[in-house]
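Note: hydrogens, waters and symmetry copies are ignored here, and every other heavy atom, side chains too, is used. As the structure lists them, so they are numbered: ligands from 1, and atoms in each ligand from 1.
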Amino acid sequence: MLIVMNKNSATEEIDNVIAAIEERGYTARPIPGGDRVSIGVLYNKGHVDPSLFGSLPGVREVIPVTKPYKLVSREIKPEDTIIKIGDVSIGNGFLTIMAGPCAVESEEQAITIGRHVKKAGAQFFRGGAFKPRTSPYSFQGLGEEGLKIMAEVRAETGLKIVTEVLDADKFDLVEEYADIVQIGTRNMQNFSLLRRAGKAKKPILLKRGMSATVDEWLMAAEYIMEGGNSDVILCERGVRTFVRHSRNTLDLSAVPVVKKESHLPIIVDPSHAAGFRDQVSPLARAAVAADANGLIVEVHHQPEKAVSDGSQSLYPEQFEVLCEQIRAIFDIFNQ
Ligand code: PEP
Ligand code: MN
């Protein structure tokens with residue numbers, strides 16, 4: 001349930017509503033945004049009688065929330081969430097481009113690619129320091145050294161850093177270096193990691209589980225928001241299907257569905273969806289046309305030598321062309 005206060009409601013009126021909610025054993029969660037305060041009622045088991053709150057001073061209306069997810073839902077917050085990281089905004093009206101190698105391999109590799117993607121127009125450098133690999137014998141990432149290299153890329157290029165955290169143990173470390181902390185597809189329902197992300201001071205990029213429904217994905221985002229972190233960016237990265245012509249199947253219909261259900265920004269990863277370089281740019285263009293708020297794309301200057309995901313990494317020149325194209329597509333819908 002959502003309690004919407006009048007535009008100029010007094011602090012005492014808001015406090016009074018919160019006290020009334022808590023007195024009944026529920027949790028009150030004031031929700032920022034817009035020009036008036038709303039208060040979410042959480043942890044109610046079963047129906048809550050709206051008349052308990054509807055007549056309290058300063059209350060404008062009481063709206064029942066019909067979805068299992070609450071804080072992520074548009075019923076609770078009708079206006080789009082815009083996440084600000086320094087001078088970069090992510091969300092409706094902005095096109096956010098994150099790009100870089102699958103894994104950070106060396107200082108020279110990361111800085112070379114960082115310079116290329118910056119020139120093409122990316123605002124974020126993506127790179128893995130802790131890699132979730134299918135085989136324990138595959139390259140697992142440079143760990144903290146990789147994070148340090150990304151801090152150098154940031155200092156050198158001005159790009160902000162997005163990088164994955166694999167477990168709660170390493171969260172403090174990753175959060176110290178990252179501008180956005182990524183939770184990967186394999187961890188979308190790692191609930192202890194989601195709870196730690198809820199306490200983070202940095203925004204979270206939450207990838208869709210490879211066989212998760214949109215509802216399960218939004219419930220995972222709910223864990224993070226419930227913990228107190230409202231800066232969540234969703235990322236569609238393809239789901240597992242029977243097809244063999246691509247690594248995963250990019251579910252572009254998730255973009256309008258998520259935008260209808262949630263106020264959170266959603267970006268698309270065409271690289272892990274495709275698995276093959278020649279599919280990446282068409283999928284990326286389609287994602288922007290489908291109104292995604294941005295892209296995260298793997299780029300490598302020597303993909304044939306890459307330690308991971310070389311076959312799906314764009315050459316810098318291809319990425320540059322793609323950036324021009326997606327800006328043109330974005331402008332058609334956002335003039
Ligand atoms: C990644 O972005 O490096 C990655 C491993 O992606 P995903 O979790 O979508 O497989
Ligand atoms: Mn990868």
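The distance from ligand 1 to the heavy atoms of Gly184 drops below 4.0 Å at these ligand atoms: 8 (O). Taking a cut-off of under 4.0 Å to the non-hydrogen atoms of Arg237, the atoms of ligand 1 that pass are 7 (P), 9 (O), 10 (O).
Side-chain atoms of Ile85 and Ile180, non-hydrogen and from C-beta on, do get closer than 4.5 Å to each other. Looking at Trp217 and Ile266, their side chains come closer than 4.5 Å, going by heavy atoms from C-beta outward. Looking at heavy atoms from C-beta onward, Gln109 lies out of side-chain contact with Lys305 at the 4.5 angstrom threshold.
Atom 4 (C) of ligand 1 has as its closest protein heavy atom His272 NE2, 3.5 Å. At the shortest separation from atom 5 (C) of ligand 1 among protein heavy atoms lies Glu164 OE1, 3.7 Å. Nearest non-hydrogen protein atom to atom 8 (O) of ligand 1 is Thr185 N, 2.9 Å. Looking only at heavy atoms of the protein, atom 7 (P) of ligand 1 is closest to Lys207 NZ, 3.6 Å.
Protein atoms that are N, O or S and lie under 2.8 Å from the Mn ion (ligand 2) are these: Cys102 SG, His272 NE2, Glu298 OE2, Asp309 OD2.
If you check the side chains of His301 and Thr112, you find no donor sitting under 3.5 Å from an acceptor. Checking Asn190 against Ser192 by side-chain atom types alone, a donor-acceptor pair falls below 3.5 Å.
Every residue two or more places apart in sequence or in another chain that forms a side chain to side chain contact (heavy atoms under 4.5 Å, CB included) with Arg285 is listed here: Ser281, Pro282, Leu322, Gln325, Ile326, Ile329.
Atom CD of Glu298 sits about 13.5 Å away from atom CE of Met98, to the nearest 0.5 Å.
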- request: Could you give me the CA-CA distance, side-chain angles and deciding distance for Lys77 and Thr81, then say whether side chain to side chain donor-acceptor pair (under 3.5 Å) is met?
  value: CA-CA 9 Å; Lys77 182 170 182 257; Thr81 287; 2.5 Å; yes
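The side-chain contact (heavy atoms from CB on, under 4.5 Å) test with Phe130 is passed by exactly one of Lys170, Glu164, Gln140: Lys170.
The environment of OH in Tyr137 is sparse: at most 12 heavy-atom neighbours from other residues, nucleotides or ligands sit within 6.0 Å.
Of the candidates Arg208, Arg126, Glu298, the one placing a heavy atom closest to atom 2 (O) of ligand 1 is Arg126.
Close N/O approach between Lys131 and ligand 1 is found [any backbone or side-chain N/O within under 3.5 Å].
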